[in-house]
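To keep things clear, I will list the structure first and then write my remarks on it.
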Amino acid sequence: MTKPPKPGIVIIGAGGHAKVICDAIIAGDEYHVAGFTDAVVPADTLVQYDYRVIAHQDHLQDITNRAEYFIVAIGSNPVREELYEKALQFFKPVSIIHPTAIIAQSAEIKLGAVCLAGSIVNSNCVISENVIINSGAVVDHDCIIEKNVHISIGTMVGSNSIVAEGVTTSIGERIESFSKIN
């Protein structure tokens, strides 16, 4: 008996962060990578492994036959937010969680969020839409990470903290418990 084909996913962006997300998608083994889109990298450019740019990111309507799902793989919060809203017109958002990420059963990971290799999200956290929890980041219990946030590599967010919409932390930043970061 053959397995049904995996659903297709388009990775929006074709830079370094997109390569990391591509690895997470492959490791998770839930989706077939249909390809990348980008504003600068030309169509048919090889990005990673056998995956190529399949369209300019302004022409998502031209590739709806290739995938049902999308993830935005761009580190800049304002750009990621704009592209997320645009992609919603053509595809369904998904969350990507690397198999080495540790996510508490009581944590809520909303659509469009990514939790990359070695990240930890503890009990009762809310990771909102279109958020990046980057490699090695720790979000302790009872935190709220609002929309379009980038928790950078190695950042530690102490318990009961709120990181406001659109914030990007510094690499390795330490956020004390009960903080509100704007």
Side-chain angles (χ1 to χ4, degrees), residues 6-60 63-64 66-88 90-103 107-121 125 127-139 145-155 163 166-169 171:
K6 295 176 198 164
I9 186 169
V10 172
I11 301 171
I12 300 175
H17 185 60
K19 293 174 185 175
V20 172
I21 289 180
C22 182
D23 278 337
I25 292 168
I26 292 166
D29 201 29
E30 287 185 54
Y31 302 98
H32 163 73
V33 176
F36 297 83
T37 68
D38 201 79
V40 178
V41 180
D44 205 39
T45 300
L46 183 64
V47 178
Q48 178 140 320
Y49 311 118
D50 292 331
Y51 304 114
R52 298 180 174 277
V53 174
I54 57 174
H56 188 281
Q57 67 194 27
D58 289 339
H59 301 283
L60 297 178
I63 58 169
T64 56
R66 295 200 180 196
E68 185 177 352
Y69 299 99
F70 80 95
I71 192 74
V72 181
I74 294 174
S76 166
N77 294 339
V79 174
R80 194 171 67 257
E81 179 181 10
E82 177 185 333
L83 291 171
Y84 183 81
E85 294 301 321
K86 181 178 180 179
L88 285 171
F90 306 105
F91 303 99
K92 296 175 189 173
V94 294
S95 298
I96 300 298
I97 299 173
H98 193 281
T100 63
I102 299 170
I103 310 297
E108 182 180 358
I109 310 294
K110 297 200 176 178
L111 292 173
V114 296
C115 297
L116 296 175
S119 61
I120 299 172
V121 177
C125 288
I127 307 300
S128 299
E129 293 89 1
N130 203 30
V131 165
I132 299 168
I133 306 296
N134 219 320
S135 301
V138 176
V139 181
I145 309 300
E146 295 182 350
K147 289 174 25 174
N148 308 309
V149 166
H150 183 167
I151 303 295
S152 294
I153 296 168
T155 295
V163 180
V167 167
T168 298
T169 65
I171 291 175

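All values reported here derive from a predicted model rather than from experimental measurement.
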Those residues at least two apart in sequence (or on a different chain) that pass side-chain hydrogen bond (donor to acceptor under 3.5 Å, both in side chains) with S76 are none

Across all chains, not counting sequence neighbours, the salt bridge (Lys or Arg N to Asp or Glu O under 4.0 Å) partners of D23 are none

N/O donor-acceptor pair under 3.5 Å between S152 side chain and T169 backbone: yes

Residue set satisfying ring pair (Phe, Tyr, Trp, His ring centres under 6.0 Å) with Y84, at least two apart, ordered chain then number -> F70

Looking only at heavy atoms, the pair that brings A117 and H98 closest together is N-CB, 3.6 Å

Correct closest heavy-atom pair for L116 and N134 would be CD1-OD1, 3.4 Å

Rounded to the nearest 0.5 Å, the CG atom of L60 sits from the CG atom of L83 at a distance of 7.5 Å

The residue among V33, V114, V94 that forms side-chain contact (heavy atoms from CB on, under 4.5 Å) with I25 is V33

For this session: For the residue pair V149 and T168, establish whether any side-chain heavy-atom pair is separated by less than 4.5 Å.
Result: no

Hey, is CD on E146 packed in by over 12 heavy atoms from elsewhere, all under 6.0 Å?
yes

**Message:** So does I145 get a backbone contact from the side chain of S128, meaning a donor-acceptor N/O pair under 3.5 Å?
**Reply:** yes

Measuring only between side-chain heavy atoms, which start at C-beta, is H150 closer than 4.5 Å to I133? no

Q) Can you check whether R52 reaches V47 side chain to side chain, under 4.5 Å on heavy atoms? A) no

The side chain to side chain contact (heavy atoms under 4.5 Å, CB included) partners of I109 (sequence neighbours excluded) come to S95, I97, I103, A113, C115, V121, I127

Here the side chain to side chain donor-acceptor pair (under 3.5 Å) pairs for residues 108-120, sequence neighbours left out, are none

Note: G166 and N77 closest approach over all heavy atoms is O-ND2, 2.9 Å

Residue set satisfying side-chain hydrogen bond (donor to acceptor under 3.5 Å, both in side chains) with T64, at least two apart, ordered chain then number -> none

The reported gap from CD1 in I132 to CD1 in I96 (rounded to nearest 0.5 angstrom) is 12.5 Å

With sequence neighbours left out, the residues meeting side chain to side chain contact (heavy atoms under 4.5 Å, CB included) with A39 are H56, Q57

CG (L46) and CD (Q48) are apart, to the nearest 0.5 Å, by 9.0 Å

In terms of heavy-atom contacts, Y69 and P93 come closest through CD2-O, 4.4 Å

Determine all donor-acceptor pairs shorter than 3.5 Å in which one atom belongs to a side chain in residues 9-21; sequence neighbours excluded.
none

task: Say whether, by atom type as modelled, one donor and one acceptor occur between the side chain of R80 and the main chain of I74 under 3.5 angstrom.
output: yes

Residue set satisfying side chain to side chain contact (heavy atoms under 4.5 Å, CB included) with E81, at least two apart, ordered chain then number -> N130, N148, E165

Between P99 and A24 the two heavy atoms that sit nearest each other are CD-O, 4.4 Å

Residues at least two apart in sequence or cross-chain that pass salt bridge (Lys or Arg N to Asp or Glu O under 4.0 Å) with E68, listed by chain then number, are K92

So the side chain to side chain donor-acceptor pair (under 3.5 Å) pairs with at least one residue in residues 26-44 (sequence neighbours excluded) are K6-D29

Contacts of Y51 meeting ring pair (Phe, Tyr, Trp, His ring centres under 6.0 Å) (sequence neighbours excluded), chain-then-number -> none

